[in-house]
Amino acid sequence: MRTPQIPSRTRPRRRLRAVLTGLLAVPLLAGPGSPAAATTTTTAAGAGAAATAEPAPAPCPEVLAGQATCYGGQDRNGAHYMIAIPADWNGSLVMHAHGGPDLTEQSDPERSPEDLARWSVMVREGYAWAGSAYRRGGYGTRMAAEDTENLRRLFVEEFGRPRRTYVHGQSWGGNVAAKVAEIYGRRPGSPYDGVLLTSGVLAGGSRGYDYRVDLRVVYQYYCRNHPRPTEPQYPLWMGLRADSTMTTAGLRARLSECTGFDLQPAERTPLQQRNLDDILAVTKIPERTLESHLRFATFTFRDIVHNRLGGRNPFGNRTVRYSGSHDDKALNAGVERFSADPRAVRDLSFDSDVTGAVSLPVLTLHAIDDPTAFVEHEAAYRASLEGARSAGHLVQSFTRESEHSELSASEYATAMSALATWVRTGAKPTAAALAASCPDFDAVYGTGCFYDPGFAPADYASRVLPRPGARHWPALSAARERALARRGDVGIAP
């Protein structure tokens with residue numbers, strides 16, 4: 001067992017390797033995927049195998065030079081990871097769940113070092129940090145949650161059990177971290193003490209991408225070039241044909257051809273400007289992230305449908321009424337319509353929808369003008385916890401920022417401090433208290449404090465056109481999740 005470079009008075013008590021190995025032999029909650037037998041075997045064997053892959057010393061990101069000792073490695077499931085332990089370790093650990101999902105075929109060895117550099121504020125604040133790149137790219141929320149838990153166990157095996165352990169999820173990683181809290185944080189003797197969700201995609205997979213479904217069909221109605229009439233046709237819920245060779249550059253060229261989104265307004269043709277205006281007005285997607293949302297609705301949808309759900313369709317728009325264009329009647333008559341396959345919805349829901357059944361302190365941080373994960377995701381998450389009668393465990397905070405991938409370091413430090421104090425003392429923070437304490441951290445980081453304590457997001461349906469039944473939260477109840485887990489033949493395979 002390695003000895004982290006911390007003062008002996010803060011060094012956490014070690015567990016015996018034999019005891020931990022016995023714990024790792026217990027299968028994790030049934031399945032991130034399908035089929036059940038394969039999932040359960042992978043989960044139990046994978047977790048135990050992961051704990052035998054020893055971390056090796058690795059260079060820290062430049063921003064942490066001289067401030068921490070870093071380690072890297074790859075667990076037996078193939079997931080690359082990075083660990084950092086500050087010289088002045090406070091004895092607690094932050095487990096990081098990254099966003100995306102990335103669409104690399106294998107685990108990306110560059111992902112975790114990049115994440116460590118981006119959220120180095122956690123280490124600078126005295127926390128050990130560990131982040132998994134997950135065992136593969138592509139969609140799989142429960143798989144990513146399992147890989148995060150595997151890395152936590154590996155950390156305990158190598159460095160001892162921390163005083164406290166927090167899980168932090170950013171973007172899609174917010175969905176992952178929320179599932180970590182629900183799957184591993186509710187058991188007696190939970191290894192997790194608190195949850196930080198930042199810029200989170202918190203409406204879950206079965207509803208959280210409906211606005212991208214709408215973008216995909218509305219775009220095609222106006223542009224007719226994805227696919228072109230001369231190309232092989234396919235239903236738009238696929239995102240893209242499985243065998244398509246389209247690249248992101250090729251998609252960008254088509255978007256530019258239709259809308260001139262990358263041109264100055266004076267350089268666009270009248271038709272390009274009208275197409276752009278109609279697409280943005282109907283979908284409510286910000287112009288600055290139109291391309292990234294269309295990429296998701298193309299390439300990530302292809303991964304979800306073809307690689308994770310066996311070609312089945314989890315998306316529907318049969319009853320949606322589109323509005324805001326120059327001719328809504330023509331749009332609704334001409335847009336492509338389809339209905340979801342109930343089994344595909346079930347599998348995507350089991351994999352990614354939150355149940356709201358949390359018993360840990362959960363603090364969220366979200367930019368009000370987030371152009372990627374709209375702030376209304378927070379309304380969906382609160383509604384899910386209210387539906388599960390767990391909203392007492394939730395504190396939400398909002399900032400007057402227009403970013404998604406990275407918020408102010410001063411605010412991350414504020415949030416971690418508030419969460420740690422809540423866990424330690426039991427006193428819930430308030431949005432006003434967060435705003436009041438941020439300047440102290442900004443004196444160190446100088447990145448600004450933009451809290452808006454009085455803000456509350458509107459209902460999710462105010463931003464995302466609802467499907468039948470989609471106003472009821474949570475999308476997946478804890479009882480339904482348990483029933484599906486017992487079946488074992490549902491979800492997305494790791």
Side-chain angles (χ1 to χ4, degrees), residues 32-34 98-108 111 134-144 171-172 175-176 201 203-221 223-255 257-258 279 283 285 289-317 335-341 343-352 372-373 491-494:
S34 171
H98 76 68
D102 299 334
L103 296 181
T104 56
E105 187 172 337
Q106 305 296 328
S107 182
D108 180 5
R111 179 71 204 223
Y134 314 143
R135 70 191 71 178
R136 60 159 173 79
Y139 205 82
T141 308
R142 295 175 75 94
M143 173 204 72
S171 187
W172 176 61
N175 192 175
V176 174
V201 178
S206 73
R207 299 178 186 174
Y209 305 126
D210 281 342
Y211 52 94
R212 287 165 172 162
V213 174
D214 295 334
L215 171 62
R216 188 67 181 87
V217 299
V218 170
Y219 174 87
Q220 182 64 3
Y221 171 79
C223 298
R224 308 290 183 187
N225 68 1
H226 185 26
R228 300 184 192 278
T230 56
E231 295 175 325
Q233 303 297 294
Y234 53 89
L236 297 180
W237 49 261
M238 287 185 176
L240 195 61
R241 297 185 345 263
D243 59 352
S244 173
T245 59
M246 178 183 284
T247 64
T248 56
L251 180 62
R252 178 182 176 83
R254 296 186 189 214
L255 178 59
E257 169 192 296
C258 176
I279 291 169
T283 64
I285 287 175
T289 52
L290 176 60
E291 181 187 4
S292 65
H293 283 291
L294 188 59
R295 283 201 308 266
F296 195 105
T298 299
F299 301 108
T300 306
F301 278 17
R302 175 172 66 175
D303 174 72
I304 291 172
V305 169
H306 293 293
N307 297 335
R308 312 303 160 203
L309 295 176
R312 294 171 295 146
N313 172 27
F315 306 121
N317 72 333
V335 75
E336 183 174 319
R337 302 283 183 176
F338 40 79
S339 298
D341 178 338
R343 296 174 305 149
V345 175
R346 176 202 65 191
D347 287 353
L348 183 59
S349 176
F350 178 73
D351 180 76
S352 60
T372 300
I492 290 176

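Numbers here are sequence positions counted from 1. When reading the values below, keep in mind they use all heavy atoms of this one structure, side chains included, and skip hydrogens, waters and symmetry mates. Keep in mind that this is a model prediction, so the values were computed, not measured.
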Pairing residues for Ala297 by the side chain to side chain contact (heavy atoms under 4.5 Å, CB included) criterion, not counting sequence neighbours: Arg212, Arg216, Phe301
Walk me through whether Tyr209 and Phe315 qualify under ring-ring contact (aromatic ring centres under 6.0 Å, His included). CA-CA 9 Å; Tyr209 305 126; Phe315 306 121; 7.3 Å; no
Interatomic spacing from CG in Leu348 to CG in Leu309 - rounded to 0.5 Å: 6.0 Å
Quick one: CE on Met238 to CZ on Arg302, what's the gap to the nearest 0.5 Å? 11.5 Å
Indicate yes or no: at least one non-hydrogen side-chain atom of Tyr134 is less than 4.5 angstrom from one of Arg111. no
I'd like to check Phe350 versus Ser206 (side-chain heavy atoms, cut-off strictly below 4.5 Å). Are they in contact? no
Looking at residues at least two apart in the chain, or sitting in another chain, which of them share a salt bridge (charged side-chain N to carboxylate O under 4.0 Å, His left out) with Asp303? Arg308
Hits for ring-ring contact (aromatic ring centres under 6.0 Å, His included) against His293, two or more places apart or cross-chain, chain-then-number order -> Tyr211, Phe374
What's the spacing between Met246 CE and Glu231 CD if we round to 0.5 Å? 6.5 Å
Side chain proximity check, Leu236 to Tyr221, heavy atoms < 4.5 angstrom: no
Salt bridge (charged side-chain N to carboxylate O under 4.0 Å, His left out) against Arg295, all qualifying residues, sequence neighbours excluded: Glu291
Shortest non-hydrogen pair, Ile304 vs Pro314, comes out as CG2-CG, 4.3 Å
In chain order, what residues pass the side chain to side chain contact (heavy atoms under 4.5 Å, CB included) check against Arg343, with sequence neighbours excluded? Arg312, Asp341, Arg346
Can you name the residues that form a side-chain hydrogen bond (donor to acceptor under 3.5 Å, both in side chains) with Ser349, not counting sequence neighbours? Asp353
Quick one: salt bridge (charged side-chain N to carboxylate O under 4.0 Å, His left out) partners of Glu257, sequence neighbours excluded? Arg228
Check the pair Tyr139 / Asp351 against side-chain contact (heavy atoms from CB on, under 4.5 Å), numbers first and verdict last. CA-CA 9 Å; Tyr139 205 82; Asp351 180 76; 3.5 Å; yes
Please tell me if the side chains of Arg241 and Pro227 come closer than 4.5 Å, counting only heavy atoms from C-beta onward. no
Under 6.0 Å from the CD atom of Gln233, do we count more than 12 heavy atoms belonging to anything else shown? yes
Check: Ser107 main-chain N/O paired with Thr104 side-chain donor or acceptor under 3.5 Å: no
Taking only residues two or more places apart in sequence or in another chain, which ones pass ring-ring contact (aromatic ring centres under 6.0 Å, His included) with Tyr219? none
Just to verify, what does Trp237 make a side-chain hydrogen bond (donor to acceptor under 3.5 Å, both in side chains) with, not counting sequence neighbours? none
Pairing residues for Arg337 by the side chain to side chain contact (heavy atoms under 4.5 Å, CB included) criterion, not counting sequence neighbours: Asn317, Arg318, Val320, Tyr322, Asn332, Val335
For Trp172 and Ala144, which heavy atoms make the closest approach, and how far apart are they? CH2-CB, 4.2 Å
Interatomic spacing from CD1 in Ile285 to CD1 in Ile279 - rounded to 0.5 Å: 9.5 Å
When rounded to the nearest 0.5 Å, the distance separating CG of Leu103 from OG1 of Thr300 is 4.5 Å
Answer with yes or no whether the side chains of Thr283 and Asp214 bring together a donor and an acceptor at under 3.5 Å. no
Inter-residue atom distance Asp108.CG - Asp102.CG, 0.5 Å rounding: 6.0 Å
So which heavy atom on Ala340 is nearest to which on Val345, and how close? CB-CG2, 3.5 Å
Taking all heavy atoms of Thr141 and all of Ser352, pick out the closest pair and write down the distance. OG1-CB, 3.3 Å
With a 4.5 Å limit on heavy-atom distance, are the side chains of Tyr234 and Leu240 in contact? yes
Could you work out, with side chain to side chain contact (heavy atoms under 4.5 Å, CB included) as the rule, every residue matching Ser171, not counting sequence neighbours? Val201, His404
Short question: side chain of Asn313, backbone of Ala344 - any donor-acceptor pair under 3.5 Å? no
Just to verify, what does Thr298 make a side-chain hydrogen bond (donor to acceptor under 3.5 Å, both in side chains) with, not counting sequence neighbours? His226
